[in-house]
Amino acid sequence: MSSKLLRGTFILTIGTYISKFLGLFYVIPFAALVGKQGAALYSYGYVPYNIFLSIGIGGIPLAVSKFVAKYNALGEYKVGRQLFKSGLLIMMTTGFITFLALYFLAPSLAGIIIPDDDLTSRPEDVVAVIRSISFALIVVPFMSLIRGFFQGHQSMGPSAVSQVIEQIVRITFLLAGAYIVLKVADGTVVDAVKIATFAAFVGAIGSLIVLIMYFIKRKPYLDELLEHDKGQMKISYREIYKEVINYSIPFIFVGLANPLFQLVDTLTFNQAMVQIGLADQSENYLATMNFYAHKLVIIPVSLATAFSLTLVPLITSAFVNQHRDSLQQQLDQTFQVVMFLTLPASLGISILAEPIYTVFYSHDILGANILAAYAPVAILFALFSVSAAILQGINEQRFTIFSLLLGLLMKLVLNIPLIKAFETYGAILATTIGYLVAIVINFIVIKHYTQYRLKLVIRRTILIFIFNAIMLVVVFFVYKFLHFFLSPESIIPSVLIILVCVIFAVVVYFYLGLKSKLIQLILGDQVQKIKRRLS
């Protein structure tokens, strides 16, 4: 089971990282084309879209993954196929309904986002952008259900490949469209951002085509499973969807977590900045945090996202079959791997924030400082994602909802006062507090309901923190030394600074991991397999 967890996670991790990196690197030419006003407009469209997307999908795809995995483990393959067929129709319906809702609510949302005439963007600009991206809601829920069906069969390849194709198609259309509008047709930034957000619909079509091709190719195998169906359980559609809805509600909230925290900033940040007399700088700060910095911060979280998708069917299978030892091993391995990889990545981004920001955007001390403050929050994003997935796997979904709502309440209560006191850093601090509250609750619940023993993870997490501290000290002095020869104000020197520092970081960190045998303890037999292949 441990090997299957790592293999499935590896496939999804590769796909997710390629997708995330594509989603990161397109920002460089896109930012050069549309500037900070365009970036602000783009985020105004995407944040509400992500909220409505989570509502439209309704957590159904991941719930389907869990449902199919459960009944496959019981040998009742027809039950999963029965759900898949009816689910496609439901996803088409909910997708169209949420499209209409977002399209017609756009004016109301724009009025809240742009509360003052001193801001750069106008409400009608925001309306146009929101309506442009709303069309993707017609396709994405339907497409996501097919991914969930494959994941329920513990087949992660279709999801990984379709994610990459979706990004390639979306980014190609986005950049080509924005370039033509601004450089060829002499259009406005608003027109370019409208094209850029509509690219989400085009990318989803590309992904859907890939998934359909996978389904056609694998249908003989899926039909063969039906021949081995035990046929001992007759479940009505009413019973199926009662169970699926019970699964899906927590998935809705997990999918909404990051967008909801961003939505709080989108709806309150400009208001708070106007109240302290910084209306002219507000959209610049918000774009830097919610678009530019967030694109970089979310990269280390990709591993946790992959783990979440892989964990649900595997933990469900272990839970249904009462394999407690296997469940304990999976939880140990997951927390350790997430911390071992996410922690150095997020802290590394923080300490190298200035050259990283220069490489991807331009030299901007404000942007670098915001990125440095925001990057460590990625650790919390990762831990919430994984702990929420575990709660779903052990059928304690209700606590996922409770923890997120309480964390979000903390964000709502603290956001405006902290923004008034610390400007952009106040919004980051409010997000940190909100996620910490949610994560602590999740861990308490996991420990209580699984009798999970935290001692091993705590000991190794302390060791991981020590290794990170040593690594960061080395990187800090290397970084300061390089400052005598290279300036982070230019792109090429910044690239060299990053490369040298990363090399030192990787060598020090993995040397400590190998010397202490921590890597072998976390990854187990996988390390020996890699060594044999390299030798």
Side-chain angles (χ1 to χ4, degrees), residues 35-51 105-127 129-130 193 256-298 353 357 364-378 380-381 404-438:
K36 289 194 174 180
Q37 182 199 356
L41 275 172
Y42 190 82
S43 66
Y44 292 154
Y46 251 96
V47 171
Y49 162 75
N50 284 329
I51 302 293
L105 283 172
S108 299
L109 291 170
I112 299 172
I113 293 169
I114 307 295
D116 192 276
D117 292 338
D118 291 335
L119 296 166
T120 307
S121 300
R122 300 172 301 168
E124 53 266 35
D125 299 336
V126 178
V127 170
V129 170
I130 292 175
V193 175
L256 282 170
N258 205 271
L260 280 173
F261 275 81
Q262 281 195 293
L263 183 65
V264 172
D265 288 324
T266 301
L267 297 179
T268 62
F269 190 88
N270 287 335
Q271 294 180 26
M273 294 291 277
V274 166
Q275 290 174 26
I276 58 176
L278 295 174
D280 58 330
Q281 302 175 44
S282 181
E283 288 193 273
N284 179 15
Y285 288 9
L286 182 59
T288 300
M289 178 184 68
N290 253 15
F291 182 74
Y292 294 121
H294 189 77
K295 285 283 184 183
L296 296 165
V297 169
I298 210 69
Y357 201 92
D364 182 354
I365 294 298
L366 171 68
N369 290 338
I370 290 173
L371 177 60
Y374 198 6
V377 185
L380 303 182
F381 293 161
L404 176 59
L405 289 178
L406 193 56
L408 192 63
L409 178 62
M410 295 297 295
K411 170 74 172 174
L412 278 166
V413 170
L414 296 173
N415 211 48
I416 290 180
L418 288 177
I419 291 171
K420 287 182 177 179
F422 305 109
E423 299 174 12
T424 311
Y425 306 105
I428 295 171
L429 181 57
T431 297
T432 302
I433 294 170
Y435 267 96
L436 276 173
V437 169

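For this chain, numbers begin at 1 and follow the sequence in order. Just so it is clear, the values below take in all heavy atoms, side chains as well, and ignore hydrogens, waters and symmetry mates.
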How far apart are the C-alpha atoms of Thr288 and Tyr357, what are their side-chain angles, what is the distance that settles it, and do they pass the side chain to side chain contact (heavy atoms under 4.5 Å, CB included) test? CA-CA 10 Å; Thr288 300; Tyr357 201 92; 3.5 Å; yes
Could you walk me through whether Tyr374 and Tyr425 pass the ring-ring contact (aromatic ring centres under 6.0 Å, His included) check? CA-CA 8 Å; Tyr374 198 6; Tyr425 306 105; over 10 Å; no
Test log, rule side chain to side chain contact (heavy atoms under 4.5 Å, CB included), inputs Gln275 and Lys420: CA-CA 8 Å; Gln275 290 174 26; Lys420 287 182 177 179; 2.6 Å; yes
Can you check side chain to side chain contact (heavy atoms under 4.5 Å, CB included) on Leu414 and Leu429, steps first, answer last? CA-CA 9 Å; Leu414 296 173; Leu429 181 57; over 6 Å; no
Go through the steps for Phe381 and Ile298 under the test side chain to side chain contact (heavy atoms under 4.5 Å, CB included), then give the verdict. CA-CA 8 Å; Phe381 293 161; Ile298 210 69; 4.2 Å; yes
Going through the checks in order, is the side-chain hydrogen bond (donor to acceptor under 3.5 Å, both in side chains) test met by Gln37 and Tyr42? CA-CA 9 Å; Gln37 182 199 356; Tyr42 190 82; over 6 Å; no
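The shortest distance between side-chain heavy atoms of Asn258 and Tyr435 falls below 4.5 Å. Under the 4.5 Å side-chain criterion, counting only non-hydrogen atoms from C-beta, Glu423 is in contact with Ile276. Within the 4.5 Å cutoff, the side chain of Ile419 has heavy atoms near those of the Phe269 side chain. Residues Thr266 and Tyr44 meet the side-chain proximity criterion, which asks for heavy atoms closer than 4.5 Å. Between Leu109 and Val126 there is no side-chain heavy-atom pair separated by less than 4.5 Å. A 4.5 Å side-chain heavy-atom check between Leu41 and Arg122 finds every atom pair outside the cut-off.
Closest heavy-atom contact between Pro107 and Val127: CA-CG2, 3.5 Å. When all heavy atoms of Asp280 and Gly277 are compared, the pair lying nearest together is OD1-O, 4.4 Å. The minimum heavy-atom distance between Pro259 and Val47, with the atom names listed, is O-CG1, 3.9 Å. When all heavy atoms of Asn415 and Ala430 are compared, the pair lying nearest together is OD1-CB, 3.5 Å. Residues Ser121 and Ile114 approach most closely at O-CG2, 3.5 Å, considering heavy atoms. Smallest separation of non-hydrogen atoms from Val129 and Gly45: CG1-CA, 3.9 Å.
Annotation: the span from Tyr292 atom OH to Asn284 atom CG amounts to 8.5 Å, rounded to 0.5 Å. With values rounded to the nearest 0.5 angstrom, Asn270 atom CG is found 12.0 Å from Ile112 atom CD1. The distance from atom CZ of Phe261 to atom CG of Leu408, rounded to the nearest 0.5 Å, is 5.5 Å. To the nearest 0.5 Å, atoms CG (Leu380) and OG1 (Thr432) are separated by 6.0 Å. Annotation: the span from Leu278 atom CG to Tyr285 atom OH amounts to 6.5 Å, rounded to 0.5 Å. In this structure, Gln262 CD and Leu286 CG are separated by 9.0 Å, a value rounded to the nearest 0.5 Å.
Sequence neighbours left out, the pairs with a member in residues 407-418 that pass salt bridge (Lys or Arg N to Asp or Glu O under 4.0 Å) are Asp265-Lys411.
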